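Here's the structure, in structure tokens; my notes come after.
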Amino acid sequence: MNFNDYLKEVDRPFHGWDFSYITGAGRMQSGLLPWSYGSMARNFLHGARAVLDMGTGGGEFLEKLLPFPLYMAATEGHAPNYPLAKERLEPHGVTVVPVENDTLPFENASFDLVLNQHDSYDLGEVKRVLKPGGIFLTQQVGGVDCSGINDRLEVPVNEEYAGWSLQTAEKPFQSPEWELIASGEAHPTQRFYDIGALIYYLKAIPWQVPDFTVEKYREELLSIHKEMSNNKCLDVRQHRFFIASRLL
């Protein structure tokens with residue numbers, strides 16, 4: 001394919017939180033983390049009677065954690081994802097609720113476990129809906145995630161998120177109200193094998209380069225395309241961290 005053909009990837013639809021269009025074809029690959037959020041989530045699900053999944057996307061990940069406990073709820077704040085999550089999860093008995101901010105529309109002390117993968121959260125709200133002894137497990141995207149893309153496009157990293165790290169996020173859990181079970185941080189490699197995969201990714205992740213269009217960044221994309229043609233790939237560093245903590 002030539003460069004202009006790859007530019008058409010910007011028009012490819014993206015649904016839910018599913019990158020299989022590029023990952024399934026091996027056009028983008030991510031390095032391994034030294035932990036598994038899915039394994040931790042499944043372990044904490046065992047024995048829980050009421051669980052909340054925050055920011056479920058289209059429900060793609062949560063569905064893989066079947067079987068569910070007696071009561072399973074999920075929230076989603078991105079309007080296009082909400083009907084996808086309902087269609088996928090409600091047949092499994094999951095209550096899917098739309099949200100517009102980090103306020104959780106549930107009664108106090110409703111859940112034994114709150115799961116959160118790459119979604120924002122208000123820790124006060126998480127604490128409110130957790131039962132005493134309940135667990136909060138979150139995996140977050142750090143503030144310098146894939147900043148190598150920003151460097152190549154000459155776009156500053158969003159200052160609002162740049163300081164978001166394990167050190168920052170852990171501070172509220174260092175209180176008598178919480179027992180920190182485990183935490184970790186890592187910077188694995190994310191590899192793009194063609195410029196079309198990078199364009200598709202930037203369209204799906206609009207906060208990486210908020211004003212991204214192929215027209216505006218055509219010259220920078222062409223430069224990366226030529227480099228990828230020679231080097232076969234573009235590598236950038238991800239930023240991930242997790243926290244598992246129990247409410248005392």
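Atoms considered below: every heavy atom in the structure, side chains included; atoms not considered: hydrogens, waters and symmetry mates. All residue numbers in this chain count up from 1 along the given sequence. Source: prediction; values computed, not measured.
- Counting only distance, with no hydrogens or angles, the side chain of Thr75 and the backbone of Gly55 share a donor-acceptor pair below 3.5 Å.
- For the atom pair CG of Asp194 and CZ of Arg27, the computed distance is 4.0 Å after rounding to the nearest 0.5 Å.
- In the model, Gln140 has a side-chain atom that pairs as donor or acceptor with a side-chain atom of Asn116 under 3.5 Å.
- Side-chain contact of Ser120 with Asp102: a donor-acceptor pair under 3.5 Å is present, judged by distance alone.
- Inter-residue side-chain proximity for Arg49 and Pro69 is flagged as unmet; no heavy-atom pair is nearer than 4.5 Å.
- Met72 and Val97 are not part of a single hydrophobic cluster, where members link through side-chain heavy atoms under 4.5 Å apart.
- The closest side-chain heavy-atom distance from Phe106 to Val114 is not below 4.5 Å.
- Here the SG-CG distance, from Cys146 to Asp235, works out to 10.5 Å after rounding to the nearest 0.5 Å.
- For the pair Tyr6 and Ile195, the tightest heavy-atom approach, listed with the atom from each and the gap, is CB-CG2, 3.4 Å.
- Taking Ala204 as the reference, Phe14, Phe19 meet the side chain to side chain contact (heavy atoms under 4.5 Å, CB included) condition, with sequence neighbours excluded.
- Rounded to the nearest 0.5 angstrom, Gln190 CD and Tyr201 OH are separated by 4.5 Å.
- The local environment of CD in Glu159 is sparse, with at most 12 non-hydrogen atoms from other residues, nucleotides or ligands closer than 6.0 Å.
- Counting only residues at least two apart or in different chains, salt bridge (charged side-chain N to carboxylate O under 4.0 Å, His left out) contacts with residues 124-138 comprise Asp112-Lys131, Glu125-Arg128, Lys127-Glu177.
- At a threshold of 4.5 Å between non-hydrogen side-chain atoms, the residues Leu221 and Phe3 count as touching.
- Taking CD1 from Ile22 and CD1 from Ile199, the interatomic distance works out to 11.0 Å, rounded to the nearest 0.5 Å.
- Under the 4.5 Å side-chain heavy-atom criterion for Ile, Leu, Val, Met, Phe, Trp and Tyr, Val126 and Leu180 are members of the same hydrophobic cluster.
- Taking the side chain as every heavy atom from C-beta outward, Phe136 and Ile243 never approach each other to under 4.5 Å.
- Side-chain heavy atoms closer than 4.5 Å link hydrophobic residues (I, L, V, M, F, W, Y) into clusters, and following such links, even through other members, never connects Val99 to Val129.
- Residue Glu87 qualifies as open at atom CD: its count of foreign heavy atoms under 6.0 Å is 12 or below.
- Remark: Ser147 OG to Asn158 CG distance equals 12.5 Å, nearest 0.5 Å.
- When the side chain to side chain contact (heavy atoms under 4.5 Å, CB included) test is applied to Val209, the partners found at least two apart in sequence or on another chain are Asn150, Leu153, Val155, Leu202, Asp211, Phe212, Tyr217.
- If you take CG on Asn231 and OH on Tyr193, they are separated by 12.5 Å, rounding to the nearest 0.5 Å.
- When the side chain to side chain contact (heavy atoms under 4.5 Å, CB included) test is applied to Ser165, the partners found at least two apart in sequence or on another chain are Gln167, Thr168, Glu185, His239.
- In this pair, Tyr37 and Phe61 present their aromatic rings tilted. The plane angle is within the 30 to 60° band.
- Applying the salt bridge (charged side-chain N to carboxylate O under 4.0 Å, His left out) test to every pair with at least one member in residues 238-248, sequence neighbours left out, gives these pairs: Asp145-Arg240, Glu179-Arg246.
- Listed by first and then second residue, the salt bridge (charged side-chain N to carboxylate O under 4.0 Å, His left out) pairs that reach into residues 60-84 are Glu63-Arg88, sequence neighbours excluded.
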